[in-house]
Amino acid sequence: MSSDDFHIREARPEDLAALIGLFAADALGGHGDTLDEAARPHYERAFAAIMASPGDLLLVVEHAGEVVATAQLTFIHSLPGRGALKMAIEAVQTRADMRSKGIGARLVNHCLALGRERGAVHAHLTSNAKRVDAHKFYERLGFEKSHAGFKMKLAPAST
């Protein structure tokens, strides 16, 4: 497979089902993603918010007319670092049957190039601690383990 066999572009509404499928197939992620149609409105609201946000960019990799990978970029203006623009790379996912074909590396490198074009001075990402192969992948691309990550689930505010 050559690099001409796939291309990276911004996500479109018609990609949503494929994106949901990518995340629902991820047993390691533990995000509770599902193909259940009852959950579809949640995905639609999130997709609309991402598309409307000037600080977010949702990318897909297309191969033979199908979405086979994705990543989301979020640009963050930060006071530390003299007001530096930083970029978070989130939700990097490649369809299982398309891994180890260079798609993920091309996608992440494309993300880094977009960050540089927008003036970001720093790119960071997080990866589930269970994803040892993904950690090796990111290190091969030049990322360094530098921080410990923490998270907390928040209950929705009562109204």
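One is the number of the first residue; the rest follow in order along the sequence.
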**Asked** Does Ala105 offer a backbone N or O that forms a donor-acceptor pair with the side chain of Asn109 under 3.5 Å?
**Response** yes
**Prompt:** Mind checking what makes side chain to side chain donor-acceptor pair (under 3.5 Å) contact with Asp97, not counting sequence neighbours?
**Reply:** Arg95
**Asked** Considering only heavy atoms from C-beta outward, does the side chain of Leu19 approach that of Leu58 to under 4.5 Å?
**Response** yes
**Asked** Are Val132 and Phe137 side-chain neighbours, meaning at least one heavy-atom pair lies under 4.5 Å?
**Response** no
**Request:** Check whether any side-chain N or O of Arg106 sits under 3.5 Å from a backbone N or O of His7 as a donor-acceptor pair, and report yes or no.
**Result:** no
**Request:** Go through the steps for Val60 and Ile8 under the test side chain to side chain contact (heavy atoms under 4.5 Å, CB included), then give the verdict.
**Result:** CA-CA 6 Å; Val60 298; Ile8 301 167; over 6 Å; no
**Side chain to side chain, Asp15 and Arg9, heavy atoms closer than 4.5 Å** = yes
**Set of residues satisfying side chain to side chain contact (heavy atoms under 4.5 Å, CB included) with respect to Leu35, sequence neighbours excluded** = Ile20, Ala24
**Prompt:** Looking at residues at least two apart in the chain, or sitting in another chain, which of them share a side chain to side chain donor-acceptor pair (under 3.5 Å) with Arg118?
**Reply:** none
**Item:** ILVMFWY cluster, Leu16 and Leu57 together (side-chain gap under 4.5 Å)
**Value:** no
**Asked** Listed by chain and number, what are the salt bridge (charged side-chain N to carboxylate O under 4.0 Å, His left out) partners of Arg12, not counting sequence neighbours?
**Response** Glu14
For residues 39-51, run the donor-acceptor check on the side chains, cut-off 3.5 Å, and write out each pair with its distance to 0.1 Å, sequence neighbours left out.
{"residue": "Arg40", "atom": "NE", "partner": "Glu44", "partner atom": "OE2", "Å": "3.2"}
{"residue": "His42", "atom": "ND1", "partner": "Arg45", "partner atom": "NH2", "Å": "3.0"}
{"residue": "Tyr43", "atom": "OH", "partner": "Asp33", "partner atom": "OD1", "Å": "2.8"}
{"residue": "Tyr43", "atom": "OH", "partner": "Thr34", "partner atom": "N", "Å": "3.1"}

**Fill in**
For His124, the ring pair (Phe, Tyr, Trp, His ring centres under 6.0 Å) test, sequence neighbours excluded, returns His122
**Asked** Any chain of hydrophobic side-chain contacts (each under 4.5 Å) joining Phe23 to Met98?
**Response** no
Check: residues 67-91 side-chain donor-acceptor pairs under 3.5 Å, at least two apart:
{"residue": "Thr70", "atom": "OG1", "partner": "Leu59", "partner atom": "O", "Å": "2.7"}
{"residue": "Gln72", "atom": "NE2", "partner": "Asp56", "partner atom": "OD1", "Å": "3.2"}
{"residue": "Thr74", "atom": "OG1", "partner": "Asp56", "partner atom": "OD1", "Å": "2.6"}

**Request:** Could you work out the complete set of other residues in the hydrophobic cluster of Leu154, with links drawn between I, L, V, M, F, W and Y side chains under 4.5 Å apart?
**Result:** Met152
**Message:** Please evaluate residues Phe6 and Glu62 with respect to the criterion side chain to side chain contact (heavy atoms under 4.5 Å, CB included), reporting the C-alpha separation (whole Å), side-chain torsions for both, the decisive distance (0.1 Å), and the verdict.
**Reply:** CA-CA 5 Å; Phe6 57 94; Glu62 190 173 29; over 6 Å; no
**Message:** Per the side-chain hydrogen bond (donor to acceptor under 3.5 Å, both in side chains) rule, what does the pair list look like for residues 132-147, sequence neighbours excluded?
**Reply:** Ser127-His135
